[in-house]
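Predicted model, so just to flag it, every value in this text is computed and none were measured.
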Amino acid sequence: MAEVRVRVASKVGLHARPAALVARLAAEQPVTVTIRKDGGEPVLAASLLNLMTLGAMHGDEVVLAAEGDGAQSSLDKLAELIGTDLDS
């Protein structure tokens, strides 16, 4: 299983617009991507509700994980998005 760690760059964290963008990109991937805060339980990254209840705030580190063909590429795309300030 591939994993990528990334810090949330958006000032509002993974809430509202940033969460919607991440969920949309995760849903477009050829593999199922999960996301979790360090020490927490993984949730589906393609679910807006899951992302909003994750409680990932600005500066928090999250762990993305996926398995299968295209997993690393999918994780890299999502990590780049999460690591960008989506509020600007």
Side-chain angles (χ1 to χ4, degrees):
M1 179 168 288
E3 281 192 355
V4 172
R5 292 176 175 269
V6 62
R7 294 224 177 261
V8 177
S10 292
K11 300 289 186 249
V12 296
L14 289 183
H15 187 71
R17 181 175 178 269
L21 294 172
V22 171
R24 184 177 309 126
L25 182 60
E28 294 171 357
Q29 300 311 305
V31 294
T32 300
V33 178
T34 61
I35 185 170
R36 66 179 171 84
K37 285 176 60 174
D38 213 13
E41 290 296 315
V43 298
L44 292 177
S47 167
L48 177 60
L49 182 59
N50 283 344
L51 290 174
M52 292 179 68
T53 58
L54 188 63
M57 303 304 293
H58 173 75
D60 285 352
E61 184 177 70
V62 293
V63 181
L64 298 165
E67 194 170 0
D69 290 341
Q72 191 63 52
S73 174
S74 295
L75 296 180
D76 291 343
K77 289 175 188 175
L78 283 160
E80 182 178 351
L81 185 63
I82 292 168
T84 301
D85 183 359
L86 300 172
D87 303 316
S88 55

Engineer: Does CD belonging to Gln72 count more than 12 external heavy atoms closer than 6.0 Å?
Structural biologist: yes

Engineer: Determine whether a donor-acceptor pair (N or O, by modelled atom type, separation under 3.5 Å) exists between the side chain of His58 and the backbone of Gly13.
Structural biologist: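 Judged by distance alone, no pair lies under 3.5 Å.
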
Engineer: Measure the shortest side-chain to side-chain distance between Asp85 and Lys11 over non-hydrogen atoms and say whether it is less than 4.5 angstrom.
Structural biologist: yes

Engineer: Quick one: does Arg7's side chain have a donor or acceptor within less than 3.5 Å of a partner on Gly59's backbone?
Structural biologist: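 Pair found, side chain donor or acceptor close to backbone of Gly59.
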
Engineer: Distance from Met1 atom CE to Thr34 atom OG1, nearest 0.5 Å?
Structural biologist: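 Reported value, rounded in 0.5 Å steps: 6.0 Å.
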
Engineer: Work out which heavy atom in Arg36 is nearest to a heavy atom in Glu41; give both atom names and the distance.
Structural biologist: CB-O, 3.6 Å

Engineer: To the nearest 0.5 Å, what is the distance between CG (Leu54) and OG (Ser47)?
Structural biologist: 10.5 Å

Engineer: Measuring from Leu14:CG to Leu86:CG, what's the distance to the nearest 0.5 Å?
Structural biologist: 8.5 Å

Engineer: Search all heavy atoms of Ala79 against all heavy atoms of Val6 and return the closest pair with its distance.
Structural biologist: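 Ala79 and Val6 have their closest heavy atoms at O-CG2, 3.4 Å.
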
Engineer: Could you tell me which non-hydrogen atom of Ala16 sits nearest to which non-hydrogen atom of Leu48, and how far apart they are?
Structural biologist: O-CD1, 4.3 Å

Engineer: How about Ile35 and Leu78: do any of their side-chain heavy atoms sit closer than 4.5 Å?
Structural biologist: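 Side-chain contact under 4.5 Å: no.
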
Engineer: So which atom in Val31 and which in Ala66 form the shortest heavy-atom distance, rounded to 0.1 Å?
Structural biologist: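 Nearest heavy atoms, Val31 then Ala66: CG2-CB, 3.7 Å.
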
Engineer: Is there a side chain to side chain contact (heavy atoms under 4.5 Å, CB included) between Thr53 and Val43 once you walk through the steps?
Structural biologist: CA-CA 10 Å; Thr53 58; Val43 298; 5.9 Å; no

Engineer: Could you tell me whether the side chain of Arg5 and the main chain of Glu61 form a donor-acceptor pair under 3.5 Å?
Structural biologist: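 Side chain of Arg5 to backbone of Glu61, a donor-acceptor pair under 3.5 Å: no, none is there.
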
Engineer: Side chains of Asp69 and Pro30: closer than 4.5 Å at any heavy-atom pair?
Structural biologist: no

Engineer: Answer yes or no: does atom CD of Glu28 have more than 12 heavy-atom neighbours from other residues, nucleotides or ligands under 6.0 Å?
Structural biologist: yes

Engineer: How long is the gap from CG on Leu21 to CG on Leu51, to the nearest 0.5 Å?
Structural biologist: 10.5 Å

Engineer: Given side chains that start at C-beta, do those of Glu80 and Asp76 come closer than 4.5 Å, heavy atoms only?
Structural biologist: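 A side-chain contact is absent here, since even the closest heavy-atom pair is not under 4.5 Å.
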
Engineer: Which pair of heavy atoms, one from Lys37 and one from Gly55, lies closest together, and at what distance?
Structural biologist: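 Heavy atoms of Lys37 and Gly55 come nearest at NZ-O, 3.1 Å.
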
